[in-house]
Amino acid sequence: MNECYYDKRMDFFYNRSNTDTADEWTGTTLVIVLCVGTFFCLFIFFSNSLVIAAVIKNRKFHFPFYYLLANLAAADFFAGIAYVYLMFNTGPVSKTLTVNRWFLRQGLLDTSLTASLTNLFVIAVERHMSIMRMRVHSNLTKKRVTLLILSIWAIAIFMGAVPTLGWNCLCDISACSSLAPIYSRSYLIFWTVSNLMAFFIMVVVYLRIYMYVKRKTNAISHHVWWLQRWEPPLREARSIFLLIPNVKKV
């Protein structure tokens with residue numbers, strides 16, 4: 001039976017995997033890292049708060065696309081929280097963390113990234129539905145959009161909590177990854193492949209939208225060109241037909 005290492009601190013796993021934790025982050029270097037990180041996190045909080053407030057307050061934005069955009073801003077806001085926690089639990093502090101605190105740190109990052117990527121994927125599908133039906137906004141109801149948003153966060157939280165729920169290498173130390181000392185390599189492969197697949201499908205959807213819009217634009221441009229070419233002769237013909245009754249009277 002394999003031995004489990006739930007009671008070990010992270011220095012045990014870092015030393016075993018020979019992972020660098022930036023022990024030299026002390027004094028001036030640490031202050032600079034914290035100041036720069038704090039500035040970017042405050043910018044993330046402020047900018048995404050403006051987006052959420054604009055969608056909530058302005059009735060013109062009460063459509064599925066803007067609700068999803070506000071949810072994307074909420075995911076980025078959550079990412080800012082994850083980065084704040086990361087700032088104060090990285091570098092030399094990493095080795096002093098317990099297993100549960102390290103899982104929390106990585107879980108927050110995984111959840112925020114999954115929420116943002118999944119939300120972008122849903123926005124791409126919504127835009128595809130709208131453009132293919134020649135509409136500014138899709139016909140998704142508020143109830144369906146709410147269910148989509150709840151599903152996005154359920155998937156994100158589940159993906160972030162999977163290692164804590166058991167898919168880790170604490171009881172199989174030989175399966176640990178060198179990048180994430182208590183994540184199993186199989187989980188990292190699953191997480192990477194699933195995110196890459198979602199990103200690839202999203203790119204395909206946007207390429208399909210681009211090709212469709214380009215084809216429609218070319219068709220409209222050809223139609224406009226035909227009208228511009230035949231407009232002078234048609235104008236002359238119209239003038240002649242208007243003059244014929246007057247000629248007959250004369």
Side-chain angles (χ1 to χ4, degrees), residues 40-41 43-83 86 106-163 167 183 187-222:
F40 280 106
C41 288
F43 177 77
I44 290 172
F45 292 146
F46 179 72
S47 57
N48 288 288
S49 296
L50 290 179
V51 174
I52 296 171
V55 173
I56 293 175
K57 189 174 181 180
N58 197 330
R59 290 185 176 274
K60 294 181 180 179
F61 296 151
H62 290 184
F63 292 98
F65 171 74
Y66 296 108
Y67 290 140
L68 293 172
L69 192 64
N71 189 55
L72 179 61
D76 291 341
F77 189 94
F78 183 79
I81 297 175
Y83 292 145
L86 175 64
Q106 297 304 122
L108 290 174
L109 293 173
D110 294 345
T111 299
S112 62
L113 181 58
T114 304
S116 297
L117 184 60
T118 308
N119 205 94
L120 287 171
F121 177 80
V122 174
I123 289 175
V125 174
E126 191 274 341
R127 287 292 84 198
H128 184 272
M129 292 170 56
S130 301
I131 291 175
M132 292 301 170
R133 295 176 182 178
M134 302 298 290
R135 294 180 178 179
V136 178
H137 300 289
S138 66
N139 57 352
L140 290 174
T141 62
K142 290 185 178 180
K143 184 178 181 180
R144 289 182 179 179
V145 174
T146 302
L147 289 175
L148 277 175
I149 292 173
L150 292 176
S151 299
I152 288 170
W153 284 103
I155 293 171
I157 292 172
F158 174 75
M159 291 294 288
V162 163
W167 198 349
Y183 275 6
Y187 169 74
L188 289 177
I189 292 172
F190 163 76
W191 189 85
T192 303
V193 171
S194 60
N195 281 276
L196 286 176
M197 285 182 62
F199 181 78
F200 176 75
I201 295 172
M202 183 171 59
V203 170
V204 171
V205 170
Y206 277 118
L207 283 175
R208 180 176 169 80
I209 292 173
Y210 170 77
M211 293 173 64
Y212 178 81
V213 171
K214 185 178 180 180
R215 186 169 64 250
K216 288 293 182 180
T217 302
N218 291 336
I220 294 173
S221 300
H222 179 74

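Heads up: numbering here begins at 1 and tracks the sequence.
At least one side-chain heavy atom of Tyr67 sits less than 4.5 Å from a side-chain heavy atom of Lys142. Residues Leu113 and Met159 have side chains not in contact (no heavy-atom distance under 4.5 Å, counting atoms from C-beta outward).
Between the CD1 atom of Ile149 and the CZ atom of Arg144 there is a distance of 14.5 Å, given to the nearest 0.5 Å. Separating the CG atom in Leu120 from the CG atom in Leu69 is a distance of 9.5 Å, to the nearest 0.5 Å. Distance check, rounded to the nearest 0.5 Å: CG of Leu108 to CD1 of Ile157 gives 10.5 Å. Here the CG-CZ distance, from Asn195 to Phe190, works out to 9.0 Å after rounding to the nearest 0.5 Å. Rounding to the nearest 0.5 angstrom, the gap separating the CG atom in Leu68 from the CG atom in Leu148 is 6.5 Å. To the nearest 0.5 Å, atom CG of residue Leu109 and atom OG1 of residue Thr114 are 10.5 Å apart.
Residues satisfying the ring pair (Phe, Tyr, Trp, His ring centres under 6.0 Å) test with Phe78, not counting sequence neighbours, are Trp153. Remark: Asn119 engages Asn71 in a side chain to side chain donor-acceptor pair (under 3.5 Å) (not counting sequence neighbours).
In summary, the side chains of Asp76 and Ser116 do present a donor paired with an acceptor at a separation below 3.5 Å, with no hydrogens or angles considered.
When all heavy atoms are compared, the tightest approach of Ala198 to Phe121 is O-CD1, 3.8 Å. Taking all atoms of both residues into account, the shortest heavy-atom contact from Pro64 to Val145 is CB-CG2, 3.6 Å. In terms of heavy atoms, Asn58 sits closest to Lys60 at OD1-N, 3.0 Å. In this structure, Ser112 and Ala82 approach most closely via the heavy-atom pair OG-CB, 4.3 Å. Contact record, Ala73 with Ile52: CB-CG1, 3.8 Å, taken as the closest heavy-atom pair.
The six-membered or imidazole ring of Trp191 lies away from that of Tyr183, with a centre-to-centre distance of 6.0 Å or more.
Within a 6.0 Å radius of OH in Tyr206, other residues, nucleotides and ligands contribute more than 12 heavy atoms. Remark: Tyr83 OH is loosely packed, at most 12 non-hydrogen atoms of other residues, nucleotides or ligands lying under 6.0 Å away.
Checked by atom type and distance alone, the side chain of Asn48 pairs as donor or acceptor with a backbone atom of Ile44 at under 3.5 Å. The backbone N or O of Ile56 sits less than 3.5 Å from a side-chain atom of His62, completing a donor-acceptor pair.
Note: Phe77 and Phe45 have tilted aromatic rings, judged against thresholds of 30 and 60 degrees for the angle between ring planes.
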CA sep, side-chain torsions, deciding dist, call: Met202, Leu117, side chain to side chain contact (heavy atoms under 4.5 Å, CB included): CA-CA 9 Å; Met202 183 171 59; Leu117 184 60; 4.0 Å; yes
